[in-house]
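A short write-up of the structure that comes next.
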Amino acid sequence: MEIKNAKYEISSAKVEQCPDTQVPEYAFIGRSNVGKSSLINMITNNSSLAKTSQKPGKTLLINHFKINNGEWYIVDLPGYGYAARGKDQRQAFTRMIESYALQRSQLACLFVLIDVRHEPQKIDVEFVDFCGENGVPIAIVFTKADKVSQKVADQNMSLFKKDLLEKWEELPPLFLTSSEKKKGRDSILDFIESTNAIWHKSREESSEQDSLVDSFENEDSSHIES
């Protein structure tokens, strides 16, 4: 897949305020300072698209970026688990994230970012389990592969997969990335391209099914009237 253009569109405080699109969305989420903005910029090949910062917890809203003139969207979600935020703000962000993940029908996949430098963190495993329990389509993206050896990356990914398999029958798609080295970019874009095709096919089949139901209902109604 080729990304021809990527443009910021809107920031929303609630899922109800998100744009009324009819195309697939790919949301990115993870603990604060996991490299989310850098990954989005790497994928879109636009270093100034998502605002990066050395200070964690900068993303406060649901940010939509239009890709290829609106063929699909990237969505930048607030990070979870940032301890420096107050309890009320953390709870508000949790509600925002959960409402988007559970209510946004355009969501084709939620990319959950995991820092591959560390062994599995409880908050990450719990969030991935929450998605699985609620049927949220996800993929796991291990970030910052350039910061550790391949051996350490493999070990930490294996530990994470082992933790997930305690509850998951089948693991979601997994990607190993480095924003600095552009590692994993092609794999993620190939995944998005194939998922887009599946998403549109599903929508078309659903639309055809709705048309059949309407047709049958109209036919039954005409028999009653006659």
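Throughout, numbering of the chain's residues begins at 1 and tracks the sequence.
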Of all heavy-atom pairs linking Ala145 and Leu176, the shortest is CB-CD1, 3.7 Å
Would you mind checking if Arg31 and Asp115 are paired as a salt bridge, meaning a charged N to carboxylate O distance below 4.0 Å?
no
**Report entry** Derivation and outcome, side chain to side chain contact (heavy atoms under 4.5 Å, CB included), residues Glu98 and Phe130
**Finding:** CA-CA 9 Å; Glu98 290 183 355; Phe130 162 82; 3.7 Å; yes
Notebook entry, point to check: Between Asp129 and Lys167, is there a salt bridge with N-O shorter than 4.0 Å?
Noted result: yes
Separation between CG (Leu49) and CD1 (Ile67), nearest 0.5 Å, reads 6.5 Å
Separation between CD (Glu205) and NE2 (His200), nearest 0.5 Å, reads 13.5 Å
* Would you find more than 12 non-hydrogen atoms of other residues, nucleotides or ligands less than 6.0 Å from Glu16 atom CD? -> yes
Heavy-atom nearest pair, Pro19 first then Ile10, reads CD-CG2, 3.7 Å
* Are Val128 and Leu171 connected in the hydrophobic side-chain network, where two residues link if heavy atoms are under 4.5 Å apart? -> yes
Requested in this report: Give a yes or no answer on whether the side chain of Ser12 reaches the backbone of Val15 with a donor-acceptor pair at less than 3.5 Å.
Outcome: no
Verify the cluster assignment for Ile62 and Ile43: are they in a single hydrophobic cluster under the rule of side-chain heavy atoms below 4.5 Å apart? no
Within one Ile-Leu-Val-Met-Phe-Trp-Tyr cluster: Val75 and Met42, side-chain cutoff 4.5 Å: no
| message | Test your reading of the model: is there a side-chain donor-acceptor pair from Ser202 to the backbone of Trp199, 3.5 Å cut-off? | response | no
So CD1 of Ile40 and CG of Asn46: to nearest 0.5 Å the spacing works out to 11.0 Å
Nearest heavy-atom contact between Lys144 and Arg117 is NZ-NH2, 3.4 Å
For Leu107 and Ala101 the tightest heavy-atom approach is CD2-O, 3.9 Å
Q. Is there a donor-acceptor contact under 3.5 Å linking the side chains of Ser158 and Asn156?
A. no
Scanning both residues in full, the closest heavy-atom pair of Ser179 with Gly35 reads OG-O, 4.4 Å
Would you kindly say whether Tyr26 and Asn196 are connected by a side-chain donor-acceptor distance under 3.5 Å? yes
Return yes if a side-chain donor-acceptor contact under 3.5 Å exists between Ser11 and Asn63, otherwise no.
yes
Review point. Tell me, do Thr143 and Ile114 make a side-chain contact under 4.5 Å, heavy atoms counted?
Key: no
- Query: Do the charged groups of Asp146 and Lys183 touch, with an N to O distance under 4.0 Å?
  - Reply: no
Minimal heavy-atom distance between Pro78 and Ile97, with the atoms involved, is O-CD1, 3.5 Å
Side-chain contact, heavy-atom cut-off 4.5 Å: Leu102 with Val136? yes
Exercise for review: Treat each ILVMFWY residue as a node, draw an edge where side-chain heavy atoms are under 4.5 Å apart, and state whether Ile192 and Ile198 are in one component.
Suggested key: no
Between Lys66 and Glu71, is the side chain to side chain contact (heavy atoms under 4.5 Å, CB included) condition met? List the steps. CA-CA 8 Å; Lys66 182 185 293 186; Glu71 291 181 2; over 6 Å; no
Report task. Answer yes if the side chains of Tyr100 and Glu25 hold a donor-acceptor pair under 3.5 Å, and no otherwise. Result -> yes
| Residue pair Arg185, Thr177: steps toward the side chain to side chain contact (heavy atoms under 4.5 Å, CB included) verdict | CA-CA 7 Å; Arg185 181 176 188 269; Thr177 68; over 6 Å; no
**Q.** Heavy-atom side-chain proximity of Arg95 to Ser99 below 4.5 angstrom
**A.** no
Interatomic distance, OG1@Thr195 vs CG@Asp190, rounded to 0.5 Å, equals 10.5 Å
Are Gln106 and Val23 close enough, and set up right, to give a side chain to side chain contact (heavy atoms under 4.5 Å, CB included), and what steps lead you there?
CA-CA 6 Å; Gln106 293 92 331; Val23 295; over 6 Å; no
- Message: Donor-acceptor pair, distance only, cut-off 3.5 Å: does the side chain of Glu170 make one with the backbone of Trp168?
- Response: no
Gln17 side chain to Ala13 main-chain N or O, any donor-acceptor pair under 3.5 Å?
yes
Report task. Would you kindly confirm whether Phe127 and Leu174 end up in one hydrophobic cluster when ILVMFWY residues are joined by side chain heavy atoms under 4.5 Å apart? Result -> yes
- request: Would you check if the distance from the ring center of Phe175 to the ring center of Phe142 is below 6.0 Å?
  value: no
Rounded to the nearest 0.5 angstrom, the CG-CZ distance for Leu77 and Phe28 is 10.0 Å
Just by distance, do the side chain of Ser37 and the backbone of Lys51 share a donor-acceptor pair under 3.5 Å? yes
d(Glu9 CD, Thr21 OG1) to nearest 0.5 Å is 8.5 Å
Between Glu180 and Lys147, does any NZ, NE, NH1 or NH2 come within less than 4.0 Å of an OD or OE carboxylate oxygen?
yes
request  = Give the ring-plane orientation class for Phe191 versus Phe111, where under 30° counts as parallel, over 60° as perpendicular and anything between as tilted.
outcome  = perpendicular
